[in-house]
Each structure stands twice: as C-alpha cells, then as structure tokens.
There are 2 protein chains.
Amino acid sequence: MTTIKEIAQRAGVSIGTVSNVINGTAAVSDRRRERVQAAIQELDYHPNQVARSLKIRRTGMVGMIISDITNPFFPQLVRGAEDALLKQQNLLITFNTDDRLERERHIFSVLRAHRVDGVLVVVAPGDSQAVHIQDARKAGLPIVCLDRVPPGLEIDIVSVDNVGGTRQCIEHLLAQGHREIAIITGPVALETARERLQGYSEALGQAGIPVRKEWIREGDFRADSGYRLGKELLSTPTRPTALFVSNNTMTLGVLRALEECGVRCPEEIALAMFDDLPLTDSFHPHLTAVAQPAYAIGYRGAELLLERIEKKSEGQPPLKIQLPTELKIRESSTGYLRRSG
Amino acid sequence: MTTIKEIAQRAGVSIGTVSNVINGTAAVSDRRRERVQAAIQELDYHPNQVARSLKIRRTGMVGMIISDITNPFFPQLVRGAEDALLKQQNLLITFNTDDRLERERHIFSVLRAHRVDGVLVVVAPGDSQAVHIQDARKAGLPIVCLDRVPPGLEIDIVSVDNVGGTRQCIEHLLAQGHREIAIITGPVALETARERLQGYSEALGQAGIPVRKEWIREGDFRADSGYRLGKELLSTPTRPTALFVSNNTMTLGVLRALEECGVRCPEEIALAMFDDLPLTDSFHPHLTAVAQPAYAIGYRGAELLLERIEKKSEGQPPLKIQLPTELKIRESSTGYLRRSG
DNA sequence: CTGAAAGCGCTAACAG
DNA sequence: CTGTTAGCGCTTTCAG
C-alpha cells in the first residue's frame with residue numbers, strides 16, 4: 001500500500017506539500033503540484049482515510065440501523081439516505097436488527113467504536129429507556145430517528161403523519177359505504193402502531209360509528225401475523241366488509257389468508273393498508289395504500305443528520321419533521337360489491 | 001471521547017495492560033482486569049477502531065457494490081452478506097451504482113481510501129477492461145464477484161447456472177405444449193444475460209424448434225424495457241403463446257403491458273421469468289420463476305471473501321462457485337388455455 | 001510557498 | 001504479569 005511518504009519521495013517534495021495538494025489546504029507551486037499529481041497517478045495512490053480520520057477526528061462514515069432490508073419499505077429509505085450522504089462523500093454503513101433490541105444495542109456499540117460521524121436509526125420496539133441511545137448522545141454522537149419515535153426521548157425525528165394518513169384512508173372506506181371496518185394494528189409498543197390505530201378510531205368516532213373490540217387485532221408488522229389475524233377475522237361470525245392493515249408486509253399475509261379462505265378481494269372484502277408496495281401496479285389486486293415517502297424520509301433524515309454533524313444547527317432543539325402521506329386509491333378498496341338485501 | 005489513556009489512569013494501570021484486557025492478548029491479573037473493566041463501564045469507553053485499524057492494518061470493514069437496493073433481488077443478497085460478515089464482527093458498507101460504470105469506479109476508489117478489507121461486487125455492465133478492479137487486486141485487495149462475471153477477468157465469483165436454469169424453464173414451457181415462445185433478454189453486454197439467452201436457444205434447439213429472431217428482444221433489466229418490449233411483442237401479428245423474461249423487474253413491466261393490452265395471463269399468454277419475486281405468493285398472477293438463491297449467494301460470497309482476507313486460501317486459483325437455481329412452477333405458466341382449432 | 005515535527009489512539013515488541 | 005516506547009499514515013502548526 002503506497003503512502004504519502006512514498007509520494008513525497010517520488011515527487012521530491014515534503015509530505016506536507018503532498019497533503020496540501022491533496023486537500024487544497026494551502027497554495028502549492030504549479031511545478032510541484034504537477035509532480036505530486038503525477039506521482040499519485042503512477043503509484044495508484046489512495047490517501048489513507050483511516051489515518052486521516054484519526055487525525056481530524058471525523059471518519060466520513062454514517063451508520064444506519066433498520067429492522068430488515070428485506071422488508072420492501074426499507075430499500076427506499078436506505079437509498080434516500082445514501083443519495084443524500086454521497087453528495088458529501090459520506091459512506092453509509094447499514095445494519096439490520098430484525099427489531100431485536102439486543103442487536104440494536106450491540107450495533108450502537110460497534111458503530112461508536114468505529115467512530116461514525118452520526119447515525120440514522122429506525123428504533124426497535126420495546127425499549128422505554130433507550131439507554132444506549134442516551135449514552136451515545138451524551139458522548140456527542142449526532143443521531144436522527146427515522147419513521148419511529150423512541151418513547152420519551154427528545155430527539156430529531158423525521159416521520160410521517162400516521163394519525164392523519166390513517167384517518168384519511170378510513171374516511172375513504174367510509175365514503176365507499178363501509179360501516180364494518182376492521183383493523184390489524186402493529187405492535188402497540190410502537191408509537192407508530194398506536195398512532196395508526198388512533199387514526200382509525202378517530203375516523204370511526206367522527207362518523208358516529210362505535211369501535212368494536214373484536215375488530216381490532218394486534219399484529220407485529222410481519223407477514224405471518226397478517227396471515228394469522230386475517231384468518232381469525234374472516235372466521236368471525238359477522239365478517240367485516242372492509243379491512244385496514246397497518247403495514248405492507250402484514251397485508252401480504254392477509255392476501256394469502258384471503259386466498260386460502262376463498263374470499264375475493266375486492267369483491268367480497270375491501271382492503272387498504274399503510275405503506276405502499278412498489279410492485280402493486282403490476283399485480284392483482286392493486287392495493288389501496290397510505291403511501292409513505294420512504295425515499296424522502298431517508299433523504300431528509302440524512303440531510304438533517306449532516307447538519308447536526310456540521311454543527312451548523314448547534315444547540316437547536318430537536319426537530320420533529322413530519323412528511324405528508326399520500327392516499328393511493330386503487331381497486332382493492334373500490335371494487336367491493338355491496339351485499340344486496 | 002474517552003481514550004485508552006484515560007482508562008489506564010482511572011484504573012491505575014498502564015495503557016498496555018488496558019489493551020491486553022480488551023484484546024485478551026496477554027494474561028492480566030484478576031485484580032487489574034476488574035479495575036480496568038470497571039473503568040470501561042464507568043466511562044462508557046469504546047475502543048477507537050480507527051486508531052486500531054491504523055495500527056493493525058485491518059479495518060474490519062467490507063464494501064459491497066450492487067446496482068440498486070431498490071431492485072427486489074438485492075436486499076436478499078445484501079442480507080446474506082451482512083449475516084455472514086457479522087459473525088466475524090465485520091461491517092458492511094453498501095453502495096448502489098445504478099449500473100453506471102463511473103460510479104463503480106468512484107466507489108472503488110472511495111473504498112480503497114477507506115481501506116476496507118475486501119469488496120463484494122456485482123459488476124456494472126459494459127466494461128471489458130475493468131481496470132479499476134485489476135488495479136485494486138494488484139494492490140492486494142481481495143475481491144469477490146457476485147452474480148455477474150466481469151468479462152475477461154480471472155476472479156472469484158459466486159453465481160448461478162443461468163444456462164441450465166433457463167433451459168429447464170423453457171423445457172417446462174415446452175412440456176406445457178408451447179411451441180411459440182418469445183424471450184426478453186437482459187443487456188447482452190452482460191454475460192449473465194447472454195447465458196440466459198443461450199439456455200433459451202439450447203432448449204428450443206433440442207426440441208427441434210427454430211429460434212425466431214423477432215421473438216428475441218433485448219431489454220436492460222429494468223421495468224420500463226419490459227413494458228416497452230412486452231407491448232411490441234403483443235402487437236406482433238403472430239403473438240407468441242408463451243414469454244420468458246430474463247429478470248424480475250422487466251417482468252413487472254410486462255405485466256403492466258399485458259394489462260394495458262387486455263391480454264390475460266395465464267389464460268391468453270403464459271409467462272415465466274428468471275429471478276423469483278418475494279411477494280408473488282400474495283398476488284396474481286402467481287409467477288413461475290427460476291429462483292436464484294440470492295441470500296445464499298450473498299452469504300457464500302461473503303464467506304469466500306472472508307477466507308481470502310484471512311489468507312487461508314493463499315495463492316489458490318480463483319473459485320467459480322455456481323449455486324443451483326430452483327424452478328418454481330406457478331399459475332402463470334400452467335393456466336394457459338390452448339387455442340382451439 | 002515549503003519542510004520539519006508533534007501527535008491523533010492504539011498495538012506490539014521489549015525489558016524488567 | 002506489567003510498563004515503556006516506537007510507530008501506523010496522516011494533518012497541522014510553526015519557522016523559515
């Protein structure tokens with residue numbers, strides 16, 4: 001591995017001068033600069049960032065902690081963050097926790113050891129203390145939360161209006177004539193899940209429709225729970241005419257349940273979900289969805305993190321950025337055939 | 001940020017001793033070890049990996065270059081790699097190139113500057129020289145290619161049997177009675193795409209069916225090209241009865257084309273594709289697919305890379321690992337209604 | 001404009 | 001077992 005010293009020797013200058021041409025930190029005579037650049041080319045030199053990082057106390061690396069890249073919501077989020085970060089030559093180190101707190105803690109530790117400049121995190125559910133996050137902030141590590149708010153933590157967060165988005169969607173279902181609307185929620189340990197449930201309740205309440213307990217089922221945001229709870233709901237004596245599912249993967253499980261039970265969507269039951277699915281335009285049923293701007297969340301979050309890192313926003317109070325959702329009305333919620341009689 | 005020195009002071013030992021308890025590099029008396037561990041806890045100390053990396057010339061970071069995390073094939077690949085890497089405490093730095101060679105080159109440069117221990121790369125199409133890869137290897141950087149073989153490069157690669165997988169799929173189509181089978185290929189600059197085309201030709205040849213030029217269309221592995229070429233094929237005077245699409249995203253485009261043209265799948269045209277889609281069990285049509293073990297490719301590739309990094313396999317010739325594909329027969333290729341007469 | 005030199009935080013001899 | 005010390009490759013004063 002060639003070093004700055006070898007470049008200096010080959011170019012016949014001091015290492016300070018080489019450093020100056022690389023970083024543009026001070027003026028260098030044309031003759032010397034050219035010699036240095038030539039040497040860099042010839043020796044295929046790549047300045048050692050780890051040495052540089054050690055010296056300047058900045059690594060140019062950002063950590064990103066998500067639950068599972070395999071969940072279709074996250075790739076967009078990651079891509080948004082990466083695109084924002086890359087503009088400033090930052091690297092993104094991603095990690096999956098599968099929503100396990102232990103992994104999240106461990107990853108924080110690893111990330112801190114590697115001295116990332118900041119971290120973007122979609123927090124795992126179930127931690128009301130978030131000591132590892134507190135500790136990291138105390139140590140001066142900039143952190144921006146995405147999508148989910150950690151309970152009882154004053155921290156930068158970019159998310160969406162879960163309550164409003166859900167309410168709007170339920171209102172759409174009501175406008176379609178549905179009165180018997182069930183919901184599969186996420187884990188209520190997550191504020192995100194509670195907010196969506198709240199949007200559901202608000203919309204029903206405003207329409208003067210009582211909330212029925214047996215039509216509220218708590219899932220865990222994974223496909224399997226959607227499948228299981230979908231089956232349960234379908235076997236209720238009085239089946240709901242519409243079902244709102246609190247995220248996309250659970251909806252996939254619900255679709256399997258529908259198929260197995262021989263219940264057709266949208267003809268026999270209307271369906272709508274939180275989170276859009278990138279491929280829904282290509283398959284059937286086309287699913288009505290409260291679309292989150294996942295790419296924008298990642299992008300905006302990364303931008304905010306960069307600001308915090310640059311200390312441009314020194315001492316500013318934590319920002320709560322809420323991006324708008326978009327209700328995408330598709331066939332799954334509009335093709336219901338009203339039961340006659 | 002607390003340093004090893006502060007820990008040493010607080011514990012009343014030398015920094016060498018602290019280093020020894022952290023890394024287990026030498027025996028330390030119980031009393032001292034406990035004092036050190038206590039200090040580490042109290043000060044929330046995280047050993048500075050960048051300083052460590054500089055010293056030991058190993059960063060514990062691996063780069064991964066893919067074309068687009070947003071393409072459903074890649075999340076699995078990344079996850080497999082991450083899981084394999086994490087077992088040895090390695091970090092994964094991912095990058096998207098959007099298949100642009102310029103970005104790939106740039107990323108290689110960035111990765112080398114950061115002194116990653118190795119890189120996993122799904123090469124971008126169109127580079128017959130791959131100078132940046134050659135240079136990196138010359139400098140001693142272990143590299144393992146995934147999925148796509150860079151032309152004219154002797155290098156470790158883990159991929160699948162594209163020819164055999166495709167042939168098997170076409171044979172299935174033939175067995176269903178189809179004689180008029182079209183194909184949408186990937187960019188022929190990619191060996192992967194050529195191999196799949198080859199599998200198609202071989203299967204037809206073996207069945208004594210001539211290959212018709214107008215039924216071979218070259219796409220670019222993106223949805224839009226599938227849409228466009230799908231439309232073209234549908235408007236051929238003699239429409240094929242079956243269509244093989246060389247990857248999943250293009251198939252999504254084809255499905256849109258079908259819907260717009262009012263051609264129903266599988267009733268009016270059979271469909272099969274290379275690459276499985278994770279969600280196809282939840283939607284219609286359920287798509288017949290040559291499934292690649294994406295997770296396994298990532299996992300195996302990372303394992304191989306780790307071996308190369310450890311130098312356990314010093315001087316061994318490049319490995320070509322081919323993982324098996326699995327033909328998943330679903331309704332899109334079995335529900336065709338033979339034209340009578 | 002240029003070179004010399006201190007030191008970022010850690011590991012790995014080495015001497016005791 | 002323990003402490004001391006020389007760098008790893010770079011940036012950044014500070015003189016000149």
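Just so it is clear: chains get the letters A, B, ... in the order the sequence lines come, proteins before strands, and each one is counted from 1.
- At its two ends the helix from C:dC1-D:dG16 to C:dG16-D:dC1 runs along axes set 40° apart, each axis drawn from five pairs and the angle rounded to 10°.
- The salt bridge (charged side-chain N to carboxylate O under 4.0 Å, His left out) contacts involving residues 122-132 of chain A comprise A:Arg105-A:Asp127, where partners must be two or more places apart or lie in separate chains.
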Could I get a table of every N or O pair under 3.5 Å where one atom is in the protein and the other is in nucleotides 1-3 of chain D?
unit_1 : atom_1 : unit_2  : atom_2 : d
D:dT2  : OP1    : B:Ser29 : OG     : 2.7
D:dT2  : OP1    : B:Arg32 : NE     : 2.5
D:dT2  : OP2    : B:Ser29 : N      : 2.8
D:dT2  : O3'    : B:Arg32 : NH1    : 3.2
D:dG3  : OP1    : B:Arg32 : NH1    : 3.1
D:dG3  : OP2    : B:Ser14 : N      : 3.0
D:dG3  : OP2    : B:Ser14 : OG     : 3.2
D:dG3  : OP2    : B:Thr17 : OG1    : 2.8
D:dG3  : OP2    : B:Arg32 : NH1    : 3.4

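- At whole-Å resolution of the value, CD1 in B:Ile22 and P in C:dA12 are 12 Å apart.
- In this entry the distance linking CD1 of B:Ile7 with P of C:dG9 reads 13 Å, nearest Å.
- With sequence neighbours excluded, the residues forming a ring pair (Phe, Tyr, Trp, His ring centres under 6.0 Å) with A:Phe108 are A:His132, listed by chain and number.
- B:Ala84 is linked by a side-chain contact (heavy atoms from CB on, under 4.5 Å) to B:Tyr299, B:Ala302, B:Glu303, counting only residues two or more places apart in sequence or in another chain.
- Every residue was checked against the side-chain hydrogen bond (donor to acceptor under 3.5 Å, both in side chains) condition with B:Arg115, not counting sequence neighbours, and none meets it.
- Under the salt bridge (charged side-chain N to carboxylate O under 4.0 Å, His left out) criterion, the residue pairs touching residues 46-61 of chain A are A:Arg58-A:Asp117, A:Arg58-A:Glu310, with sequence neighbours excluded.
- Residue pairs meeting the salt bridge (charged side-chain N to carboxylate O under 4.0 Å, His left out) criterion with at least one partner in residues 6-26 of chain A, sequence neighbours excluded, are A:Arg10-A:Glu42.
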Which protein N or O atoms sit under 3.5 Å from an N or O of nucleotides 7-9 of chain D?
unit_1 : atom_1 : unit_2  : atom_2 : d
D:dG7  : N2     : B:Lys55 : NZ     : 3.2
D:dG7  : N3     : B:Lys55 : NZ     : 3.4
D:dC8  : O3'    : B:Arg57 : NH1    : 2.9
D:dG9  : OP1    : B:Arg57 : NH2    : 2.4
D:dG9  : N2     : A:Ala51 : O      : 3.3

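- If you take CD of B:Gln49 and C1' of C:dC8, they are 15 Å apart, rounded to a whole angstrom.
- B:His46 is linked by a ring pair (Phe, Tyr, Trp, His ring centres under 6.0 Å) to nothing, counting only residues two or more places apart in sequence or in another chain.
- With a 6.0 Å radius and a threshold of 12 heavy atoms from other residues, nucleotides or ligands, A:Lys320 has its NZ atom above the threshold.
- Residues satisfying the side-chain hydrogen bond (donor to acceptor under 3.5 Å, both in side chains) criterion with A:Arg222, sequence neighbours excluded, are absent altogether.
- Checked against side-chain hydrogen bond (donor to acceptor under 3.5 Å, both in side chains), B:Gln49 has no partners two or more places apart in sequence or in another chain.
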